Peer 1: 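Take a look at the following structure, please.
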Amino acid sequence: MSRDRLNSTFFERDVLEVAPDLLGKTVIRMLDGVRSEWMISEVEAYRGEEDLACHASRGRTKRTEVMYQEGGRLYVYLIYGIYWMLNIVTGKPEYPQAVLIRGLSEIRGPGKVGRVLHIDKSFYGESVVISERIWIEKGISVPEIKIADRIGIDYAGEYWKNMKWRFFI
DNA sequence: AGCAAGATCGGT
DNA sequence: CCGATCTTGCTG
């Protein structure tokens, strides 16, 4: 067990605090006994049922259930039948939120992130607070955090589409 | 039961 | 710009 692993206190905060705080942090992935490390470089926040870009805007379903759990669990889902999206649930139970990991080190794009970390359905609901195969550790301090609107959510309407909830280095 | 769309990416 | 490829949620 690593001293540097981020605990539940870190993840059980509002997604708009956790998302930018994740930049520069380290993702540790254990696969076949081999440890790999990646620095988080880009994230997006999805916040609550009122956020029309958030999958929880359609309420509590089998798919969104984990977002209603405590922060630190993983919300993963398959998009376009090909790419696994990796999200970390944040906040307290009953307040659906999650951070989409869009970039790692030199890896750009959430589809590539899922691919390089070998993410699949078995990670749904897993907690990075206790998992033995994926967790987050403290990393480097980020000099400047850049902010922009989220990508690929044209369906969410102008208001939510314009929220500056994407953070990157 | 059937169907349309999707928090993407890589190749024309 | 288009196809890949399959799960999900909505409709009937």
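In this text, all values refer to a predicted model and were calculated from it rather than measured experimentally. Lettering follows sequence order; numbering is per chain, from 1.
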Peer 1: Identify the nucleotide, in any strand shown, that forms a Watson-Crick or G-U wobble pair with C:dC10, with both distances under 3.5 Å; if there is none, say none.
Peer 2: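 Checking every strand shown, C:dC10 finds its partner in B:dG2, with both distances under 3.5 Å.
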Peer 1: Using the closest heavy atom to pick a nucleotide of DNA chain B for each, name whichever of A:Lys112 or A:Ile151 lands nearer the 5' end.
Peer 2: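 By nearest-heavy-atom nucleotide position, the 5'-most residue is A:Ile151.
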Peer 1: For B:dG6, does either OP1 or OP2 sit under 4.0 Å from a side-chain N or O belonging to A:Tyr155?
Peer 2: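 So the side chain of A:Tyr155 is outside the cut-off, no N or O lying under 4.0 Å from OP1 or OP2 of B:dG6.
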Peer 1: Considering only side-chain heavy atoms of A:Leu78, which listed nucleotide, C:dT7, B:dT8, C:dA4, is closest?
Peer 2: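 For the A:Leu78 side chain, the nearest candidate turns out to be C:dT7.
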Peer 1: B:dA7 C1' sits how many Å from A:Ile101 CD1, rounded?
Peer 2: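 Result: 12 Å.
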Peer 1: Figure out the NZ/C1' separation between A:Lys161 and B:dG6, and round it to whole Å.
Peer 2: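 Checked: the NZ to C1' distance equals 16 Å.
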Peer 1: Count the heavy atoms belonging to other residues, nucleotides or ligands that lie under 6.0 Å from OH of A:Tyr95, then report whether that count exceeds 12.
Peer 2: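 No, the 6.0 Å shell around OH holds no more than 12 heavy atoms from other groups.
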Peer 1: How close or far is atom C1' of B:dT8 from atom CD of A:Glu42, stated in whole angstroms?
Peer 2: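 From A:Glu42 CD to B:dT8 C1': 13 Å.
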Peer 1: Taking CZ from A:Arg63 and P from B:dA7, how many angstroms apart are they, rounded to a whole number?
Peer 2: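 Taking atom P of B:dA7 as the reference, CZ of A:Arg63 is at 6 Å.
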Peer 1: Atom NE2 of A:His55 and atom C1' of B:dG6: how far apart are they, to the nearest Å?
Peer 2: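 From A:His55 NE2 to B:dG6 C1': 7 Å.
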Peer 1: Starting at atom CH2 of A:Trp84, determine the distance to atom C1' of B:dG6, rounded to an integer number of angstrom.
Peer 2: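 One finds 14 Å between C1' of B:dG6 and CH2 of A:Trp84, rounded.
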Peer 1: Reckon A:Tyr124 touches a base, only the sugar-phosphate, or nothing at all at heavy-atom distances under 4.0 Å?
Peer 2: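 No contact at all - A:Tyr124 keeps every heavy atom at 4.0 Å or more from the nucleic acid.
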Peer 1: If the threshold is 4.0 Å, N to carboxylate O, is there a salt bridge linking A:Lys112 and A:Glu106?
Peer 2: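 Salt bridge: no.
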Peer 1: Between atom CD1 in A:Ile79 and atom P in B:dT8, what is the gap in whole Å?
Peer 2: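 About 7 Å, once rounded to whole Å.
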Peer 1: Give A:Arg102 one of three labels, base, sugar-phosphate or nothing, depending on what nucleic acid heavy atoms sit under 4.0 Å from its own.
Peer 2: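 Sugar-phosphate: the residue A:Arg102, judged by heavy atoms under 4.0 Å, touches backbone atoms but no base.
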Peer 1: Identify whether any heavy atom of A:Gly111 sits under 4.0 Å from a base atom; if not, whether one sits that close to sugar-phosphate; answer base, sugar-phosphate or nothing.
Peer 2: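 Here A:Gly111 touches the backbone only, sparing every base.
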Peer 1: Without decimals, in angstroms, what is the distance between A:Leu100 CG and B:dT8 P?
Peer 2: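 Atom CG in A:Leu100 sits about 8 Å away from atom P in B:dT8.
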Peer 1: When you check the phosphate oxygens OP1 and OP2 of C:dT7, does a side-chain N or O of A:Lys121 lie under 4.0 Å from one of them?
Peer 2: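 For C:dT7, OP1/OP2 do not have a side-chain N/O of A:Lys121 under 4.0 Å.
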Peer 1: Does this structure show an ion pair linking A:Glu126 with A:Arg133, if we count only N-O contacts that are shorter than 4.0 Å?
Peer 2: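 Here A:Glu126 pairs with A:Arg133 in a salt bridge, since their nearest N and O are under 4.0 Å apart.
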Peer 1: I'd like to know whether NZ of A:Lys62 has more than 12 heavy-atom contacts from other residues, nucleotides or ligands below 6.0 angstrom.
Peer 2: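 Counting other residues, nucleotides and ligands, NZ of A:Lys62 stays at 12 neighbours or fewer.
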Peer 1: Are the charged groups of A:Lys92 and A:Glu12 less than 4.0 angstrom apart, N to O?
Peer 2: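 Yes, this pair counts.
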Peer 1: Heavy atoms under 4.0 Å, any strand shown: does A:Arg115 hit a base, just sugar-phosphate, or nothing?
Peer 2: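 It contacts sugar-phosphate atoms only.
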